[in-house]
Amino acid sequence: MKNSEIRAYWTQRYLDKRTGWDIGYPSTPIKTYIDQLTNKNISILIPGAGNGYEAEYLIRQGFTNVSIMDISKFPLSSFSERNPDFPKDRLLLADFFEYDGQYDLILEQTFFCSFPPTDENRNAYAKKTHKLLKPEGKLVGVWFNIPLLDNLENRPFGGDKTVYLNYFTPYFSVHSFNTCYNSIPERDQQELFGIFKKL
């Protein structure tokens, strides 16, 4: 699909309120991770941020260098309306795979599971994430621990720990990658929480 088609697809899903991945507040595993961060000045990117609840939480906790990215303008505009003081230059309307930047931390929350789960796409995600991170940078977040089905419209697209590690280990050392102990009840045993450090 062309970028314009992808943008139109996701914008329509927001307009139709077909946003089953959106729980309406920060993901508990990511919130718990944020709570133990001490340096509030690290540069953080949240790709495919959607409504950006994790970014709102970061701001409330005093983090000063947060950027959110989405390919659709709709959720970015919604976020900006809710957070009018958030710097406009950190609202990134962009294709993740074509974007250039450098960050200390990339937070993953339902982005990886959103695009067609081909080996090409998933390898490109791992490679691009590695490129966007500074030396010693980290990729941290949640991946769905659910079967990967053949239906390419049945988002979120899943996988398992072994499958995901095949994509990440060429680019990252694995600090931890385990079943979430603190998922929301609706996703109990269906999420993996990972901390990966750039090689």
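Side chains are part of it too, since the values below use all heavy atoms of this structure and drop only hydrogens, waters and symmetry mates. Computed from a predicted structure; not experimentally measured.
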Exercise. Does the side chain of S78 come under 3.5 Å of the side chain of R82 through a donor N or O and an acceptor N or O?
Worked result: yes

Exercise. Any side-chain heavy atom of L107 within less than 4.5 Å of one from I44?
Worked result: yes

Exercise. Should we count NZ of K198 as having more than 12 external heavy atoms under 6.0 Å?
Worked result: yes

Exercise. Are F193 and F196 co-members of a hydrophobic cluster defined by side-chain heavy atoms under 4.5 Å apart?
Worked result: no

Problem set entry | Ring centres under 6.0 angstrom apart (Y125, F97) | no

For this session: Indicate whether any N or O donor in one side chain lies under 3.5 Å from an N or O acceptor in the other, for S183 and D188.
Result: no

Exercise. Taking the six-membered ring for Trp, are Y167 and Y171 ring centroids under 6.0 Å apart?
Worked result: no

Problem set entry | F177-W143 aromatic ring centre distance below 6.0 Å | yes

Exercise. So, Y164 versus F112, ring centres under 6.0 angstrom or not?
Worked result: yes

Exercise. Taking C-beta and beyond as the side chain, do F79 and E56 meet within less than 4.5 Å on heavy atoms?
Worked result: yes

For this session: Establish, from distance only, whether the side-chain atoms of D104 and S43 form a donor-acceptor pair under 3.5 Å.
Result: yes

For this session: Determine whether more than 12 heavy atoms belonging to other residues, nucleotides or ligands lie under 6.0 Å from atom NZ of K134.
Result: yes

Exercise. Would you say K127 has more than 12 foreign heavy atoms packed within less than 6.0 Å of its NZ?
Worked result: no

